[in-house]
Amino acid sequence: MKKNYVLITGASSGLGLEFAQLAASKKYNLVLIARRKKELARISETLSLQHTIKVHTIVKDLSITSSAQEIFEEVSEKLNLEIDILINNAGFGTNGEFHLNNFNTELDQIKVNVLSLVALTRLFITGMIERNNGIVLNVASTAAYQPGPYMSVYYATKTFVKNFTLGLNYELRGTNVKVTLFSPGPTRTEFQKRANMKESIIANEMLMMDAQKAAKIGFEGALKGKKEIIPGFMNKLGVLAVKLMHESVITHIVSKVNKNRINK
Ligand SMILES: NC(=O)c1ccc[n+]([C@@H]2O[C@H](COP(=O)([O-])OP(=O)(O)OC[C@H]3O[C@@H](n4cnc5c(N)ncnc54)[C@H](OP(=O)(O)O)[C@@H]3O)[C@@H](O)[C@H]2O)c1
């Protein structure tokens, strides 16, 4: 029997780890990508034993432009695997005033959130199109739907992911290759800590979604071939409100929210 493989970037924590657990529970075999070797090894051992599946791990830094090609070669040539579901999940955010932020980190953010996502999609979707079978699940954010002062680069990367994914979805309509946009709102993961954002604001904690719940909505929606998924009523409502508001108004509101989140 053919073994179905899911490749997940950013599988060492947060939403990526939840996607890995969900896919494993459905008996998919896995290829897990991240930089933290020990975390990946621990996750691989647990999931392969718990679910009797195959789990391959590839330690790669997706801020390095050649990583996507190296991953593709390792998966296709060395491991000789076909990927049925690609989950482009790896990503991080920076916050603060753009001109004061570390410029190399801003560029790395574009490389991880955008460049590697586009490259991996291009590399793996070709085989999916040839087989007329496959799913690409791209993780954007509710941040994709408006400009985000004080997280300007992050919001812009997610807007890119949104428009790229919806464009690709359209190109492949009528085929059996499904391309899904997944846009979670604030979710309890390592993201906020890594972005150096305040975590302890009670209102924020209350608004945050559980990562397992968000990932389940995203993964199951992608399996159903959905075009666009925003998990949770509040996140859906937020995106709807953004669409109804004038851009200058929403930009001002977001600037206030993001400024309050900056750790000084
Ligand atoms: N949490 C939220 O509130 C939220 C909301 C909307 C969208 N998102 C999006 O959800 C996705 C997952 O984030 P998360 O919330 O689960 O945060 P997280 O817990 O920090 O997970 C991020 C994952 O990305 C990986 N990653 C980061 N930089 C990388 C690099 N240079 N090379 C390879 N892997 C890298 C990390 O692995 P290593 O550190 O081991 O490399 C980790 O596995 C991101 O795209 C994020 O933008 C998050």
Side-chain angles (χ1 to χ4, degrees), residues 1-11 14-34 43 47 51 53-58 60 62 68 71-72 74-76 79-91 112-114 116-141 144 158 160-184 187 211-231:
M1 201 181 88
K2 184 176 167 286
K3 300 275 186 194
N4 289 94
Y5 272 90
V6 182
L7 186 149
I8 304 166
T9 66
L15 287 163
L17 172 56
E18 298 298 341
F19 285 130
Q21 280 166 346
L22 279 162
S25 72
K26 292 183 189 291
K27 294 285 176 200
Y28 284 101
N29 296 310
L30 302 172
V31 180
L32 306 179
I33 319 279
I43 294 162
L47 293 182
H51 301 282
I53 54 162
K54 285 208 175 100
V55 184
H56 301 276
T57 61
I58 304 178
K60 282 285 170 206
L62 292 170
I71 290 167
F72 180 71
E74 184 156 348
V75 169
S76 310
L79 298 169
N80 196 23
L81 304 176
E82 279 177 2
I83 298 301
D84 301 281
I85 304 177
L86 167 65
I87 305 183
N88 280 311
N89 162 78
V112 177
N113 298 8
V114 174
S116 287
L117 177 144
V118 172
L120 287 168
T121 303
R122 173 64 198 255
L123 289 162
F124 284 103
I125 210 164
T126 309
M128 293 180 187
I129 292 168
E130 279 165 13
R131 299 189 294 275
N132 192 30
N133 186 38
I135 295 172
V136 177
L137 171 56
N138 285 340
V139 180
S141 165
K158 293 302 179 179
F160 181 100
V161 173
K162 173 173 84 69
N163 287 346
F164 168 66
T165 307
L166 294 178
L168 205 51
N169 173 286
Y170 185 89
E171 286 182 30
L172 293 169
R173 71 197 186 286
T175 76
N176 202 31
V177 179
K178 305 296 173 196
V179 184
T180 298
L181 172 68
F182 178 53
S183 296
T187 310
Q212 189 182 27
K213 187 175 167 189
K216 189 167 191 285
I217 295 168
F219 189 67
E220 289 181 353
L223 291 182
K224 287 182 191 144
K226 285 195 178 173
K227 179 172 80 169
E228 189 171 3
I229 303 164
I230 299 167

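Here, residue 1 is the first one in the sequence, and each next residue gets the next number. Predicted model only: the values in this text are computed from it and were never measured.
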- Query: Rounded to the nearest 0.5 Å, how far does CZ of F72 lie from CD1 of I58?
  - Reply: 11.5 Å

- Item | Separation of L15 CG from T187 OG1 (nearest 0.5 Å) | 5.5 Å

- Heavy-atom count around K227 NZ within 6.0 Å, excluding the residue itself: above 12? no

- Query: With distance as the sole test, does K27 use its side chain to make a donor-acceptor pair with the main-chain N or O of I53 at under 3.5 Å?
  - Reply: no

- Query: Are V161 and V139 close enough that some pair of their side-chain heavy atoms sits under 4.5 Å apart?
  - Reply: no

- Message: Tell me whether T165 contacts the main-chain N or O of L181 through its side chain, where contact means a donor paired with an acceptor under 3.5 Å.
- Response: no

- Considering the options V118, V177, V136, I125, which one meets the side-chain contact (heavy atoms from CB on, under 4.5 Å) requirement together with L168? I125

- Message: For F182 and F19, take the angle between the two ring planes, folded into 0 to 90°, and tell me which bin it lands in: parallel under 30, tilted 30 to 60, perpendicular over 60.
- Response: perpendicular

- Message: Is the shortest side-chain heavy-atom distance between L117 and F160 below 4.5 Å?
- Response: no

- Any chance you could measure N113, atom CG, to N89, atom CG, to the nearest 0.5 Å? 10.5 Å

- Message: Check this for me: E74, atom CD, are more than 12 non-hydrogen atoms of other residues, nucleotides or ligands nearer than 6.0 Å?
- Response: yes

- Item | Euclidean distance, L166 CG relative to N138 CG, rounded to 0.5 Å | 10.0 Å

- Just one of I87, I71, L30, I85 clears the side-chain contact (heavy atoms from CB on, under 4.5 Å) bar with L7, so which one? I71

- I129 and T175, any side-chain heavy atoms less than 4.5 Å apart: no

- Using a 4.5 Å cut-off on heavy atoms from C-beta on, say whether the side chain of K26 contacts that of V6. no

- Item | Gap separating the CG atom of N169 from the NZ atom of K178, nearest 0.5 angstrom | 8.0 Å

- H56 vs Y5 aromatic rings, parallel, tilted or perpendicular, using cut-offs 30° and 60°? tilted

- State the CD1-CD distance between I8 and E18, to the nearest 0.5 angstrom. 10.5 Å

- Tell me, do I229 and I217 make a side-chain contact under 4.5 Å, heavy atoms counted? yes

